[in-house]
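Sequence positions, counted from 1, serve as the residue numbers for this chain.
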Amino acid sequence: MQTEKLRFAGSSDHMLAAAFDRPDGDIRATALLAHCFTCSKDSLAARRIAEALTAHGIAVLRFDFTGLGSSDGEFANSTFTSNVDDLVHAANHLRALGSAPTILIGHSLGGAAILAAAGEIPEAKAVVTIAAPSDPAHVTHLFADRLHDIREKGEVEVNLAGRPFRIKRAFLDDVAEHNLLAKVARLHKALLVMQSPIDDTVGIDNATRIFVAAKHPKSFVSLDHADHLLTDKADATYAADVIAAWASRYLAPVAHAAAAALPDEPRQVVVAETRANKFQQQITIGPHRLTADEPVAAGGEDTGPGPYDLLLSALGACTAMTMRMYADRKALPMERVSVTLNHRKIYAKDCAECETKDGMLDQIERNISITGGLDAEQRTKLMEIADKCPVHRTLTSEIRIVTKAVD
C-alpha cells in the first residue's frame, strides 16, 4: 500500500487533511471512507479497513472532518450537514484527480453521513454502512446528561471517549432536522449494512431500520463479536474483505494496462505481508490477487496456498497449457489433461541419475492424466512435450536470482 497525503477545501473553505491509500498494483475502484463521530482518518478502524481494501485493488480516500485530526476549522462549528458537505467536497476532489469514488463507506455517524451524501455523488454504485445510526440524532445519547445545558447555554464542553469537545445548540438543531430514512428509501444504489449484534453504542435495531427502508439491491452482514469501533484488527479486515467481494458485483470491469501487454512482456509480481496473521501474504499480479499462507502445522493459518503449493501450481498449469497448445496445433483428439504434483525431500544417494550424491534433494513428482481417443504414439509424444513447458525448463536449468534492497 502506498499512502499519499492530500489537502482539499471543505464545506466551509477550511482545508481538510486526507490520506489517499493506493494498492501496489492496478486500481480496480476507488472508495471514499468516512470515519466515526469525533474519530479521525487515522483511527484504527479507518486505517485497517483502508489497508485491507488496497490489498483487493481498491484505492481509499480517508479524511478528517472539519475540526478533527489534522483538518482546519473548529469542531464546535461543525454539524451533521457540514459533515455531509465535507464528503461531497471529498468526492469532488477525487473526481478532479480522475478517481471519482464508486464505493462509499461510512463508520458509525460517518455511515449516516455517507447515506445522506450518496445522492450527490453520481459515480457511486455501492454504499456501505458499518455500525451506523438510522437517525443522526442518535449521537446525542453520548452526552445526554448535558443536552439541557447545551440548549440553555448555547455551547457546552462535553467528554467523549476521554477527550473534551465543545458542542453547540446548532449541532442539536441540525441533527434533529434530518430524515435519514427517507434518503435511504431514495438511495437507488446497492447498499450493504454491516452491524454487530452486541454493539452497545449503536444498537442493531438501527441496522434493521436502515435495511427495511432501503430498496433492493441490499445486503446485511453481521459482524458477530465485533465492538463498535472494530478495535480487533481481524474484525476490520473481515469487514474490508466482505466489502471488496460484495462491491465487485456492482462495479464495471476495469481496463487494465497489463491486459494489453504483449505475451512476451512478463507482468510484475508484488508480494506483501497483510499482517492479518504471522505468514499471510497478498500477491498482486496485474489485475489478479491471491493470498498465500502456511499450513497450520507450519505456524500459519492455512488461509491460502503455501509457497511450494504455488510453485507446483505454476509447473502444473504450464504443463497442461503446453500440452493443450501442442494437441490443438497437431489436431490431436485430446479431450482433457490434468496434472497432479507433489514435492518432497529425498536423500541424494537414493537418486541414481542425479549428479549430487550427498545431502538432500528436492523432488517434484508430476502425474499426468490424459483423456481422449489418442493412440500410444500420440500419448508418448504428449508426455515428451510436458517436459518442454517453459516452467519445467526454468526449474531444471541454471537459475540466477538477483536480490536488491529497495528503500
Might you point out which heavy atoms bring [X] and [Y] nearest each other, and give the distance in Å?
{"X": "Asp293", "Y": "Asn277", "result": "OD2-ND2, 3.1 Å"}
{"X": "Phe279", "Y": "Ala298", "result": "CE1-O, 3.5 Å"}
{"X": "Ala327", "Y": "Leu382", "result": "CB-CD2, 4.3 Å"}
{"X": "Lys125", "Y": "Tyr250", "result": "CB-O, 3.7 Å"}
{"X": "Tyr238", "Y": "Ser222", "result": "CE2-O, 4.2 Å"}
{"X": "Ile105", "Y": "Ala31", "result": "CD1-CB, 4.1 Å"}

What distance do [X] atom [atom1] and [Y] atom [atom2] have between them, rounded to the nearest 0.5 Å?
{"X": "Leu172", "Y": "Thr79", "atom1": "CG", "atom2": "OG1", "value": "11.5 Å"}
{"X": "Ile243", "Y": "Ser248", "atom1": "CD1", "atom2": "OG", "value": "12.0 Å"}
{"X": "Tyr326", "Y": "Met334", "atom1": "OH", "atom2": "CE", "value": "11.0 Å"}
{"X": "Thr201", "Y": "Leu229", "atom1": "OG1", "atom2": "CG", "value": "6.5 Å"}
{"X": "Phe20", "Y": "His93", "atom1": "CZ", "atom2": "NE2", "value": "9.0 Å"}
{"X": "Thr284", "Y": "Asp26", "atom1": "OG1", "atom2": "CG", "value": "9.0 Å"}

Whether [X] side chain and [Y] backbone form a donor-acceptor pair below 3.5 Å:
{"X": "Ser196", "Y": "Ile198", "value": "yes"}
{"X": "Arg22", "Y": "Ile58", "value": "no"}
{"X": "Thr371", "Y": "Arg336", "value": "yes"}
{"X": "Arg166", "Y": "Ala76", "value": "no"}
{"X": "Arg146", "Y": "Glu157", "value": "yes"}
{"X": "Arg163", "Y": "Thr38", "value": "yes"}
{"X": "Asp86", "Y": "Gly10", "value": "no"}
{"X": "Arg28", "Y": "His56", "value": "yes"}
{"X": "Ser71", "Y": "Gly67", "value": "no"}
{"X": "Arg47", "Y": "Asp42", "value": "yes"}

[X] bridged to [Y] by N-O distance under 4.0 Å:
{"X": "Asp72", "Y": "Arg7", "value": "yes"}
{"X": "Asp375", "Y": "Arg379", "value": "no"}
{"X": "Asp387", "Y": "Arg366", "value": "yes"}

Hydrogens and angles aside, do [X] and [Y] bring a side-chain donor and acceptor to less than 3.5 Å of each other?
{"X": "Gln280", "Y": "Thr303", "value": "yes"}
{"X": "Thr3", "Y": "Asp21", "value": "yes"}
{"X": "Asp85", "Y": "Ser11", "value": "no"}
{"X": "Glu4", "Y": "Gln2", "value": "no"}
{"X": "Thr81", "Y": "Asp174", "value": "yes"}

When you measure from the centre of the six-membered ring of Phe211, is the NZ or CZ of Lys218 closer than 6.0 Å and no more than 45° off the axis? yes
Cation over ring, Lys168 on Phe171, under 6.0 Å and within 45°? no
Between Leu44 and Leu230, is the side chain to side chain contact (heavy atoms under 4.5 Å, CB included) condition met? List the steps. CA-CA 8 Å; Leu44 284 177; Leu230 302 186; over 6 Å; no
What about the rings of [X] and [Y], do their centers lie closer together than 6.0 Å?
{"X": "His178", "Y": "Phe80", "result": "yes"}
{"X": "Phe65", "Y": "Phe75", "result": "no"}
{"X": "His228", "Y": "His107", "result": "yes"}

Side chains of [X] and [Y], heavy atoms from C-beta outward: is any pair under 4.5 Å?
{"X": "Leu142", "Y": "Phe37", "value": "yes"}
{"X": "Met323", "Y": "Ile368", "value": "yes"}
{"X": "Asp227", "Y": "Asp232", "value": "no"}
{"X": "Asp235", "Y": "Leu223", "value": "no"}
{"X": "Lys404", "Y": "Val402", "value": "yes"}
{"X": "Cys351", "Y": "Lys357", "value": "no"}
{"X": "Leu315", "Y": "Leu341", "value": "yes"}
{"X": "Thr237", "Y": "Asp241", "value": "yes"}

Does [X] have more than 12 heavy atoms from other residues, nucleotides or ligands lying within 6.0 Å of its [atom1]?
{"X": "Met360", "atom1": "CE", "answer": "yes"}
{"X": "His141", "atom1": "NE2", "answer": "yes"}
{"X": "Asp358", "atom1": "CG", "answer": "no"}
{"X": "Met325", "atom1": "CE", "answer": "no"}
{"X": "Glu365", "atom1": "CD", "answer": "yes"}

Run the salt bridge (Lys or Arg N to Asp or Glu O under 4.0 Å) check on Glu51 and Arg48 step by step: do they pass? CA-CA 5 Å; Glu51 181 181 5; Arg48 288 169 174 171; over 6 Å; no
Using the rule given for side chain to side chain contact (heavy atoms under 4.5 Å, CB included), can you reason through Glu294 versus Asp302, listing the C-alpha separation, both sets of side-chain angles and the distance that settles it, and then say yes or no? CA-CA 5 Å; Glu294 286 283 15; Asp302 204 20; over 6 Å; no
Can you check side chain to side chain contact (heavy atoms under 4.5 Å, CB included) on Val128 and Trp246, steps first, answer last? CA-CA 10 Å; Val128 182; Trp246 170 83; 3.6 Å; yes
Taking distance alone, no hydrogens or angles, what donor-acceptor pairs closer than 3.5 Å link side-chain atoms of residues 181-195 to residues at least two apart or in another chain?
{"from": "Arg186", "atom 1": "NH1", "to": "Ala182", "atom 2": "O", "distance (Å)": "3.4"}
{"from": "Lys189", "atom 1": "NZ", "to": "Ile121", "atom 2": "O", "distance (Å)": "3.3"}
{"from": "Lys189", "atom 1": "NZ", "to": "Ala124", "atom 2": "O", "distance (Å)": "2.8"}
{"from": "Gln195", "atom 1": "NE2", "to": "Val202", "atom 2": "O", "distance (Å)": "2.9"}
{"from": "Gln195", "atom 1": "NE2", "to": "Gly203", "atom 2": "O", "distance (Å)": "3.2"}

Is there a side chain to side chain contact (heavy atoms under 4.5 Å, CB included) between Thr322 and His392? Walk through the geometry before answering. CA-CA 10 Å; Thr322 303; His392 180 107; over 6 Å; no
